[in-house]
Engineer: 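Pasting in a structure now, in structure tokens, and then I'll have a few things to ask.
The basis for the numbers below is simple: all heavy atoms, side chains too, and nothing from hydrogens, waters or symmetry mates. Every chain is numbered from 1, with letters handed out A, B, ... down the list of sequences.
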Amino acid sequence: MSEIILKSIKKSYTETPAVWGLDLHIEEGQFLTILGPSGCGKTTTLRLIAGLEDPDEGEIIIGDRILFSREKGIYVPPEKRQLGLIFQSYALWPHMTVAKNISLGLEEKRLPKDEIERRVSQVLQQVQLSEYRDRYPSELSGGQQQRVAVARMIAAEPIIILMDEPLSNLDAMLRVDMRAELKHLHHDLSATTVYVTHDQVEAMTLSDKIAVMMEGELRQLGTPREIYSKPADLFVARFVGSPRINIIEGRIVSETDADYFHAETLRKPVGSGLDFGVGQVIATIRPEDIHVSKTERRGWLEVLVYSVLPTGAETIVTIQKETLSLAIKLGGFTDIEMNDAIWVDFDAAKMNYYDPKTEKLLRSV
Amino acid sequence: MFASLQKRGSDLNSLKFNLAKLRYRPNIILSILFLVVFSFLVIAPLLQIIYTSLTYQSNDLRLVRDATVGDFTLYHYFRVFTGRLSRALFYKPFVNSLVVGFGVTTMAMVLGTLLAWVIVRTDVPLKRFFGAVMVIPYMMPSWVIALAWLTIFQNGRVGGTPGMLTSMFGIIPPDWVSYGLFPIVICLGLHYYSYSFLLVSGALWTIDSQLEEAGAIAGLTKPAVLRKITFPIVIPALGSAFVLTFTRSMGTFGTPALLGLPVRFFTVPTQIFASISARNFGDGFVLALVLVVMAAVAIFINSKIIGSRKSFVTMKGKGFTSKPNRLGVWRYPIAGLILLFLLMAVALPVIILAWSTLMLLPGDYSLSNMTNHFWFGGSDFMIASGQEGIFRNPGIWGGVWNSVRLGISAAVINGFLGLLIGYTVVRTRGSKLSKSLEGMSFAPYVFPSIALGAIYLGMFAKPIGPIPALYGTFALLVLIVVVKNMPFSSRSGISAILQIDPSLEDAARIQGVPWFKGFRKVIFPLATSGFIAGMLLTFITAMRELSLLILLVTPKTRVLTTIIFAYQDQDQTQHANGVTLILLFIIVIANVLVSRFYGTKSVFGLSNT
Ligand SMILES: Nc1ncnc2c1ncn2[C@@H]1O[C@H](COP(=O)(O)OP(=O)(O)OP(=O)(O)O)[C@@H](O)[C@H]1O
Ligand SMILES: [Mg+2]
């Protein structure tokens with residue numbers, strides 16, 4: 001009933017397109033996050049779904065209803081799309097009380113008065129703001145305003161929930177709390193949700209699926225796990241994960257027993273089942289997939305420690321060797337010190353290889 | 001065959017799509033409708049006067065034997081620019097207008113700038129009070145001071161009653177003091193200084209006084225700081241003030257008419273009035289076109305200046321501290337001077353007008369001559385040609401009623417249209433509709449009032465298609481006032497809408513609230529303060545409008561301003577002055593009421609462009 005289908009959506013404000021040929025299928029009840037750097041078209045995509053902007057081309061379908069199609073002559077305005085949207089700025093009406101903010105949309109549905117009243121009380125209770133019902137938005141804290149926005153949205157019982165960086169105006173602590181609340185909310189309402197953020201931690205923690213966008217194009221759609229461990233291209237690889245993924249230029253060499261990846265003095269077998277010929281490639285490995293030893297081990301690479309950066313839960317060790325520069329993530333604290341010589345080894349199974357020209361993931365053939 | 005069917009189908013679908021969009025966004029339809037009607041109201045008149053100026057009119061038949069009415073001719077242009085009468089018709093009035101323009105602008109800018117600097121940037125006492133009172137002349141019709149001037153300086157030589165100076169002190173002022181260029185410049189200067197004051201004080205507010213301090217620390221003397229730091233920042237505002245004051249004073253009608261016509265001192269606007277009154281429409285329209293072209297040029301220059309002014313706005317630093325310049329021992333003398341100035345420009349005219357209405361015989365200032373006849377008296381054929389006192393005079397009450405309902409209708413219509421235009425312009429930014437709406441609503445600005453009045457007179461004298469001849473109807477007055485005020489009301493509509501975060505409206509849409517209700521429940525209440533201020537401004541402008549209406553009123557539709565003008569013309573000074581006071585009173589009441597109810601502080605800051 002409430003799956004969302006975007007078919008080759010194009011939208012430009014100026015000559016440079018804001019969204020370019022976007023195809024996206026969001027399944028019913030799914031929590032999809034659109035992730036990408038600033039200006040990549042996330043908000044635009046959300047506004048297109050909401051109907052606040054019109055695509056230049058393409059179709060938008062929710063459930064079995066076409067909401068937008070220039071070709072078929074169909075236009076459903078936002079007020080008839082039955083969506084909920086949380087704005088980055090919350091967009092509470094400053095001249096109305098909290099209760100009025102919530103009830104305005106309900107009045108439009110021609111609900112009986114006591115039903116409206118019941119729903120207002122219920123949603124306010126749900127967001128724990130019952131005693132604030134007669135306040136004006138300017139008399140509330142940022143977090144409370146956010147919750148009013150949530151209350152206003154859920155009161156209308158939308159089948160689709162859209163959120164545009166709803167947490168970006170909150171301080172770090174509150175953000176973590178609200179993250180949990182939003183996830184819970186999605187669980188309770190089980191409404192299809194599209195969530196926009198440029199914060200990858202939010203994306204990883206909340207989503208069933210993540211859509212990574214860049215310059216108006218969809219770069220990868222997948223589960224958080226896929227996005228993290230099998231980035232479809234180098235952009236996604238670099239964008240997701242902190243510290244950044246390690247990137248190593250090298251080449252594939254075919255040896256008697258198997259294919260090997262060579263970079264400087266490093267030599268790793270290319271995982272079994274993979275076979276994409278020989279030549280220049282770019283390999284990636286996550287900082288936590290590099291093993292470290294303080295004593296010499298056979299076949300491991302000897303490197304010099306450049307810096308040690310403990311954060312408490314983990315320590316980032318960076319190393320340099322000739323053109324190779326790597327970040328390594330270790331759990332907890334470590335007694336490795338700057339300028340120590342250590343030995344490192346890569347988890348071959350966790351390495352990905354990319355075409356240096358297209359920067360796309362090389363998959364087995 | 002199939003392909004063409006498909007093509008038809010897709011055309012149909014795109015039509016269907018656009019109709020569906022329009023159904024949910026009726027403001028687009030309203031705005032397009034407005035654009036069409038408005039083009040008709042602005043472009044058509046312009047074409048009409050160009051056409052009229054290029055063809056023979058029935059009035060020309062007396063002078064040109066072989067002419068046929070409606071034939072193309074450059075006759076009017078030759079007559080106005082090169083013919084035997086061109087000196088009297090064009091060159092003298094034009095030069096007079098230029099001299100008036102420069103004189104008034106110089107005086108107004110010197111006054112306005114000095115006052116602005118003293119009030120904004122020094123420690124002069126009573127700052128707040130001065131700032132508030134300083135803009136009062138802007139509220140009054142520009143010719144009130146001229147009426148007061150006549151009451152004092154009229155010399156009786158060109159007929160009419162002598163003024164105060166003659167009757168009280170026996171001094172007969174020479175003609176150049178009583179009438180013509182000199183008093184016109186003084187009276188207009190005392191009115192138009194408010195433009196420079198508003199613009200320059202606005203610019204001065206943005207100057208970081210740290211800049212001035214930095215100058216002082218760098219070893220600049222006070223005058224040098226003024227010259228090298230303050231002045232360059234204020235220059236763009238001064239430029240705007242110059243252009244505005246100059247065009248306004250060139251195009252103004254009331255004061256030159258009151259002070260110039262008795263001695264046949266014509267400016268372009270009064271010459272237009274004279275030509276049109278003599279039914280020489282061709283001549284009048286050629287002259288009107290001259291004013292239109294001049295105003296268009298001025299607006300172009302002004303937009304260039306404002307364009308470059310934007311770069312100065314960034315001067316507003318973070319550490320804004322407005323540390324006033326110390327006047328030292330001059331603090332109180334300067335405050336005294338300002339007070340004296342205000343007395344002359346604001347209080348004195350009103351007092352003199354009031355006093356003059358209490359005299360039975362004009363010019364006799366003895367107590368025994370005091371009377372309330374002109375306010376409360378019945379008809380007495382010995383006095384004032386039998387005119388009843390102001391409060392018993394149905395003609396005047398009719399004028400009050402007409403003026404007030406004109407003001408209110410215009411305010412309401414302009415307010416709503418302005419808001420709607422502002423909404424559409426802002427929400428469709430970047431589109432053709434947005435640009436043409438904004439441009440079109442600004443277009444009436446190029447028409448000097450008297451010229452627009454002349455144009456409407458020509459255009460609505462006979463029926464146009466389904467529209468009946470509007471001449472002589474009240475609706476025509478409302479129409480022209482609405483058109484004339486559209487630049488201001490759409491401006492204030494735009495700025496009111498700009499202050500509303502678009503996501504507030506998006507949120508209403510998402511919550512299922514349709515367009516009109518969203519407009520009513522969200523946009524409208526949030527835009528209200530700007531909206532009310534804009535309405536008040538329109539009301540006041542409509543109330544004090546003379547030159548726009550003088551060619552269009554008929555005995556039935558007379559408004560206060562034209563009544564005043566007529567009384568003055570018939571030398572019934574007391575009635576003219578008394579009605580002026582009533583007009584001022586209504587304006588003040590409106591202003592007080594609105595600021596009481598809506599807490600809008602100063603509506604006049606809005607209108608300085
Ligand atoms: N109303 C508009 N007019 C013109 N260009 C726009 C408009 N809205 C967005 N754009 C442009 O479209 C592109 C995508 O904008 P969008 O707001 O979707 O980015 P975003 O991914 O949400 O960025 P952010 O993370 O900064 O919010 C940007 O290049 C932006 O400049
Ligand atoms: Mg955004």
Side-chain angles (χ1 to χ4, degrees), chain A residues 13-14 43 46-47 49-55 66-96 100-111 137 148-149 152-158 160-164, chain B residues 5-29 426-431 433-434 496 499-532 598-599:
Chain A
Y13 295 103
T14 52
T43 299
L46 207 66
R47 292 175 62 84
I49 298 174
L52 298 171
E53 306 278 351
D54 295 335
I66 302 180
L67 297 185
F68 183 95
S69 170
R70 250 176 235 276
E71 272 127 61
K72 296 184 182 147
I74 298 172
Y75 172 78
V76 178
E79 57 264 34
K80 304 233 178 244
R81 290 192 184 186
Q82 269 190 288
L83 315 148
L85 172 55
I86 304 258
F87 293 82
Q88 186 172 350
S89 57
Y90 313 142
L92 299 178
W93 299 305
H95 57 302
M96 295 179 191
K100 186 71 189 163
N101 260 282
I102 297 169
S103 63
L104 186 72
L106 300 178
E107 286 162 18
E108 204 47 45
K109 296 192 158 123
R110 307 251 142 73
L111 295 177
V148 176
R152 181 173 70 178
M153 180 189 75
I154 57 182
E157 298 178 347
I160 307 275
I161 295 177
L162 308 171
M163 295 190 246
D164 190 359
Chain B
L5 262 183
Q6 214 170 21
K7 172 89 177 48
R8 282 265 292 286
S10 80
D11 280 356
L12 208 68
N13 278 339
S14 113
L15 184 70
K16 226 168 90 189
F17 174 84
N18 286 319
L19 284 180
K21 271 226 78 151
L22 286 179
R23 205 182 117 210
Y24 295 108
R25 297 293 170 270
N27 65 306
I28 306 265
I29 302 177
V426 173
R427 288 290 184 268
T428 58
R429 265 271 138 93
S431 70
L433 177 64
S434 172
Q499 278 159 21
I500 300 172
D501 181 355
S503 69
L504 293 181
E505 209 200 349
D506 292 344
R509 249 350 61 70
I510 294 289
Q511 290 298 110
V513 180
W515 182 82
F516 188 73
K517 188 169 178 200
F519 194 80
R520 199 159 57 83
K521 292 271 180 173
V522 177
I523 299 293
F524 193 75
L526 290 175
T528 302
S529 69
F531 180 73
I532 296 291
Y598 294 96

Engineer: Determine the minimum heavy-atom distance between B:Phe17 and A:Ile74, stating which atoms define it.
Structural biologist: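 Shortest heavy-atom separation between B:Phe17 and A:Ile74 comes out as CD1-O, 3.5 Å.
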Engineer: For chain B, find which of A:Arg152, A:Met153, A:Arg81 contributes the most heavy-atom pairs closer than 4.5 angstrom.
Structural biologist: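 So the answer, after comparing A:Arg152, A:Met153, A:Arg81, is A:Arg152.
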Engineer: Below 4.5 Å from any heavy atom of chain A, which atoms of B:Lys517 appear? Answer side chain, backbone, both or neither.
Structural biologist: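 Only the side chain of B:Lys517 comes within 4.5 Å of chain A.
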Engineer: If you take all heavy atoms of A:Trp93 and B:Ala507, which pair is closest and at what distance?
Structural biologist: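 Closest approach of A:Trp93 to B:Ala507, heavy atoms only: CZ2-C, 3.7 Å.
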Engineer: May I ask you to check whether over 12 heavy atoms, not counting those of B:Arg429, lie within 6.0 Å of atom CZ?
Structural biologist: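 Check passes, neighbour count above 12.
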Engineer: Quick one: of B:Lys521, B:Lys21, B:Glu505, B:Arg23, who has the most non-hydrogen atom pairs under 4.5 Å with chain A?
Structural biologist: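 With the most close heavy-atom pairs to chain A, the winner is B:Lys21.
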Engineer: I'd like to know which of B:Pro502, B:Ala20, B:Ser503 tops the heavy-atom pair count under 4.5 Å against chain A.
Structural biologist: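 Top count of heavy-atom pairs under 4.5 Å with chain A: B:Ser503.
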Engineer: Answer with side chain, backbone, both or neither: which region of B:Asp501 has an atom nearer than 4.5 Å to a non-hydrogen atom of chain A?
Structural biologist: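 For B:Asp501, the contact with chain A is made by the side chain alone.
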Engineer: For the interface with chain B, which of A:Phe68, A:Tyr90, A:Tyr13 has the highest count of heavy-atom pairs at distances below 4.5 Å?
Structural biologist: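 Heavy-atom pairs under 4.5 Å are most numerous for A:Phe68.
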Engineer: Is it the case that more than 12 heavy atoms not belonging to A:Lys100 sit under 6.0 Å from its NZ atom?
Structural biologist: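 Counting neighbours around NZ of A:Lys100, more than 12 heavy atoms of other residues, nucleotides or ligands fall under 6.0 Å, so yes.
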Engineer: Do the non-hydrogen side-chain atoms of A:Glu108 and B:Pro514 ever get within less than 4.5 Å of each other?
Structural biologist: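 Heavy-atom side-chain distance check passes, below 4.5 Å.
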Engineer: Test of understanding: with salt bridge (charged side-chain N to carboxylate O under 4.0 Å, His left out), list the residues that count as partners of A:Lys72, not counting sequence neighbours.
Structural biologist: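 Per chain and number, A:Lys72 pairs via salt bridge (charged side-chain N to carboxylate O under 4.0 Å, His left out) with A:Glu59.
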